[in-house]
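Worksheet: one structure, shown below.
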Amino acid sequence: MNHNFKYVNGAILVLLLQSPLALADQAAQKAMSLIQTMSDAMHHNSYSGDFVYLHGNQLEAMTIQHLRTDSGVKERLFSLNGEAREIFRDDENLTCIWPASRKVVLDKSKKTSFSPLWIPEDVNRLSKFYNFKIVGMGRIANRDSKILSISSKDNLRYGMQIWVDVKDGYLLKSVLFDDQNKIIEQVMFTRIEPLENSDMLMVTLTPQILPEMSQIQSHSNFLSTKTMPDSAWKIGKLPAGFWMESSYKKPKLMSDEYFQHMVFTDGLASFSVFIEKQSKDSLLGESSMGAINAYGMIVNDYSVTAVGEVPSATVKLLVSTISYE
Amino acid sequence: MNKNDETVSAFIDHELSNSEQCEQVDLAVNDVNYRYQMARYQLIGDVMRKETGDKINTHFYADVSAKIAQLEPHAQSAKATQLPQSNSPSLLSQWFKPLSGLAVAASVAWIAVFSLQNVVVQNGDLELNEQIAVHVTSPDVSQQVEFLAKTPVIQHSTPVSANAILQPGSGQLKWQSHLNQPVSQAKLNSYLVEHTEYSTSMQGMIPQARVAGFDLNR
Amino acid sequence: MNSNETDAEIVKRVQNGDNKAFDLLVIKYQQRVINLISRFVSDYSECQDIAQEAFIKAFRGLHNFRGDSQFYTWMYRIAANSAKNYLASRSRKVPAQGIDAQDAEFYDGESRLKDKETPESKMLTKEIEKTVFDTIEKLPEDLRTAIRLREMQGMSYEEIAEIMGCPIGTVRSRIFRAREAIDIELRPLIE
């Protein structure tokens, strides 16, 4: 008993001697580990599931089929309510189809991972702006899950909670919060299960473009150039923790003009800034759609618009400081 | 209306009225020259779209037609059994179904939402941990769903709203203007698609769910 | 009446015993079916044979087609399975990549067909292509624009009319005149 008492006392002492920062780091590391598990499961496994996407008071129901083969990943997402919409993705191509509207959006796939959550590399950097913590257990889609909280330390980014399946590592639920802890959007699986490959499944996972469909948008991604924005554009102030991740110059559809596209991220959240010649449909001021906020203004006859899954203050902050010299 | 060449052109583009289209089907079926002309027009389109490959076979359909003609009578397509009846007076109503290319998506009319952490609002009081199953029809919703996402383990969260009513979405997510100024849905949606695709922190299913959730009206 | 409705009407006629009606479906979908099969089979002659077999299978099975899906969807599956069965029968590995309808459907201008073509057939193909494109280039601009919007952008007459600022009837006439001009040049090569 004395031995046990010493042992317990020793353990308590070790815990007490650990700094809050060290504990926080450990919590963050555990959280990262859970995210990694989830990312691996969602990328490397083949699964099929039904989920609901809630935003405001709107509910969208969708089904996802995610197939992993030796030659890569094929994925299909389609809506279960409203106008039928489908998105097909593989390692090379992205196709969005609206059959009733006879519209098709084609693009080359840019994604290297289908993980529903980016695995941040720099945990320490993220820890300055987010708190990571496994906060408990839950049950979603008849599966036990661990609940991970990623809470924002300021009002420039959203916080979130994710539920990760204990057995298979699937992402079961994700909730996005604003700085008032109000839920902005949620994604929750109601069913998720392994997916078996078959000939018919391969057909199902292939987009069917019918003759009466018109190509409404075709991104010439192979013509886009990864390049720094024109030096005349100055960004006065970046929101804390955000940096410019990438910058592109892309041709506009059926035009000789180009637009610039800059992507900013803090490692978890992101938004894009688009700069192009002013037109009658340029955004002036704020707009929002669910968790996505946009802010636009005219600078020197150019339309500058920021769009992203960040609070409106963030997009407004950056756009307001952009100038042309 | 008889066959004239301009009508053949409009026929293959499906730009005639129902009755005209049916009439042209009649003419095409009974006139081999009509079919040859259709085949040539089809070839023009295939060539323009560079879909013809390295070798164009100008006799393909004729070969298939000949092989079908050689099939034994019993192997040929049997007369249709009784066609499904329809109340619609339209000639094609018993066949025409506005389905998307993959019928599964568009024909699904029900989903079952099992929310295992729902809180049901009854008489203004919250009841925890009740499991409710809600059937949502689509696109015609016959029930409104009360849904609360309350997660007791979240230390600082509050429910969205105790009286939140969820409307089944109609794929009509739209950009809202904060200044009562018109907002170009198409423009912002195109930006959203670009952002979704280029941002490495927005990967996978959830951002695509947002893209799939919006209405692509031009 | 859109494409699917026309297909449905034609299917009904075939099911009622009008075999010639099936020709219309073959004419409409033959190239796409061949292109789909070419994703699996590189030899062009084999592609054509398999495509013909697929159409015949579709014809034979048409009495079972209930219209729950579009005809092309159904035809597509038959063609894909025909290709796979062909490869399986020759113990060749089915490409793990599976079908990419985008390549079969689209205007990518690429083909994986390695055909046992004769010099004459290759020359004819080139001749046909050159004739089509040369004739288009010589068309008056309004005709050229109309047919390009129709064939390459897949626009409806109504959409083209809006873009070109003219009545739908004018669009219909322009597209027809463009086709006719090309057809006049093409006929000697084909017949």
Side-chain angles (χ1 to χ4, degrees), chain B residues 5-6 9-10 12-18 20-22 25 28-30 35 37-58 60-61 63-65 67-69 71 75-81 83-84 91-92 94-97 99 101-103 107, chain C residues 1-3 5-6 8-10 12-24 26-28 30-31 34-35 38 44 48 52 55-56 59-60 62-63 67-70 73 107 109 111 113 115 117 121-122 124-125 128-129 132 150-152 157 172-173 175-176 179-180 182-183 186 190:
Chain B
D5 292 346
E6 185 174 313
S9 174
I12 69 165
D13 290 337
H14 310 283
E15 291 280 351
L16 299 174
S17 66
N18 277 11
E20 288 170 337
Q21 203 79 6
C22 291
V25 170
V29 166
N30 292 306
R35 296 198 294 278
Q37 189 171 1
M38 279 180 62
R40 291 196 305 273
Y41 285 178
Q42 183 72 41
L43 175 63
I44 290 169
D46 291 341
V47 170
M48 287 179 73
R49 289 183 296 273
K50 299 185 182 177
E51 291 177 344
T52 47
D54 293 341
K55 182 183 172 187
I56 295 172
N57 183 349
T58 56
F60 181 91
Y61 105 82
D63 292 341
V64 172
S65 187
K67 284 184 179 175
I68 287 173
L71 290 175
Q76 294 184 21
S77 187
K79 253 191 179 331
T81 51
L83 294 171
L91 179 67
L92 299 177
Q94 52 202 338
W95 291 105
F96 173 63
K97 290 184 184 180
L99 294 179
L102 287 167
S107 65
Chain C
M1 181 186 285
N2 65 27
S3 173
E5 288 166 310
T6 305
E9 175 66 16
I10 295 169
K12 193 178 77 169
R13 286 176 195 239
V14 178
Q15 290 175 331
N16 282 335
D18 201 343
N19 296 346
K20 281 291 170 212
F22 193 73
D23 287 358
L24 306 186
V26 177
I27 290 168
K28 185 174 176 182
Q30 68 179 60
Q31 197 57 55
I34 292 172
N35 288 346
S38 73
Y44 185 77
Q48 289 207 312
Q52 289 194 2
F55 276 111
I56 291 168
F59 175 78
R60 287 183 192 216
L62 210 53
H63 59 280
D68 293 335
S69 62
Q70 293 161 7
T73 306
Y107 322 147
S111 170
L113 302 180
D115 47 344
E117 58 200 19
S121 64
K122 194 170 181 180
L124 176 62
T125 298
I128 289 173
E129 287 172 353
V132 169
R150 172 64 211 157
E151 293 289 9
M152 301 183 74
Y157 286 10
R172 173 173 154 158
S173 167
I175 289 172
F176 160 66
R179 281 182 174 140
E180 191 58 18
I182 302 168
D183 191 32
L186 213 52
I190 295 174

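All figures in this text were calculated on a predicted structure; none of them were measured in a lab. Chain letters run A, B, ... following the sequence lines, proteins first and then strands; every chain starts at 1.
Pairing each heavy atom of Ile27(C) with each of Tyr61(B), the nearest pair is CG1-CG, 3.5 Å. Smallest separation of non-hydrogen atoms from Glu9(C) and Cys22(B): CD-SG, 4.0 Å.
Here Ser9(B) is the residue among Ser9(B), Gly45(B), Ser17(B) with the most heavy-atom pairs under 4.5 Å with chain C. Looking only at heavy-atom pairs under 4.5 Å with chain B, the residue among Asp18(C), Ile10(C), Ile175(C), Leu24(C) that has the most is Leu24(C).
Of the possible donor and acceptor atoms, none in the side chain of Glu51(B) sits under 3.5 Å from a partner among the backbone N and O of Gln31(C). Side-chain N or O atoms of Gln30(C) include none that pairs as donor or acceptor with a backbone N or O of Phe60(B) at under 3.5 Å.
Here the straight-line distance linking atom CG of Asn2(C) with atom CG of Asp13(B) works out to 13.0 Å at 0.5 Å rounding. Between Gln52(C) atom CD and Asp63(B) atom CG the span is 5.0 Å, to the nearest 0.5 Å. In this structure, CG in Asp5(B) is found 5.0 Å from CD in Glu180(C), a value given to the nearest 0.5 Å. Put simply, CG on Asn35(C) and NZ on Lys50(B) are 14.0 Å apart, with the number rounded to the nearest 0.5 Å. Summarising the geometry, atom CZ belonging to Phe55(C) is positioned 9.0 Å from atom CD1 belonging to Ile68(B); distances are rounded to the nearest 0.5 Å. Rounded to the nearest 0.5 Å, atoms CZ (Arg49(B)) and CD (Glu151(C)) are 5.0 Å apart.
Counting heavy atoms from C-beta outward, Ile182(C) and Val47(B) have side chains that stay 4.5 Å or more apart. Inter-residue side-chain proximity for Ile128(C) and Thr58(B) is flagged as met; some heavy-atom pair is nearer than 4.5 Å.
For Glu6(B), the parts sitting under 4.5 Å from any heavy atom of chain C are the backbone and the side chain alike. The part of Asp46(B) that comes within reach of chain C is its side chain, from C-beta onward, which places non-hydrogen atoms under 4.5 angstrom from that chain. For Leu186(C), the part lying near chain B is the side chain, with the backbone staying farther off; criterion is any non-hydrogen pair under 4.5 Å. Heavy atoms closer than 4.5 Å to chain B are found in both the backbone and the side chain of Tyr157(C).
For Asn30(B), there are no side chain to side chain contact (heavy atoms under 4.5 Å, CB included) partners two or more places apart in sequence or in a different chain. With sequence neighbours excluded, the residues that form a side chain to side chain contact (heavy atoms under 4.5 Å, CB included) with Ile12(B) are Met38(B), Tyr41(B), Arg179(C).
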Requested in this report: Take Gln21(B) and Glu5(C) through the side-chain contact (heavy atoms from CB on, under 4.5 Å) test and state the conclusion after the steps.
Outcome: CA-CA 10 Å; Gln21(B) 203 79 6; Glu5(C) 288 166 310; over 6 Å; no
Query - Derivation and outcome, side-chain contact (heavy atoms from CB on, under 4.5 Å), residues Leu16(B) and Arg172(C) - result: CA-CA 10 Å; Leu16(B) 299 174; Arg172(C) 173 173 154 158; 3.4 Å; yes
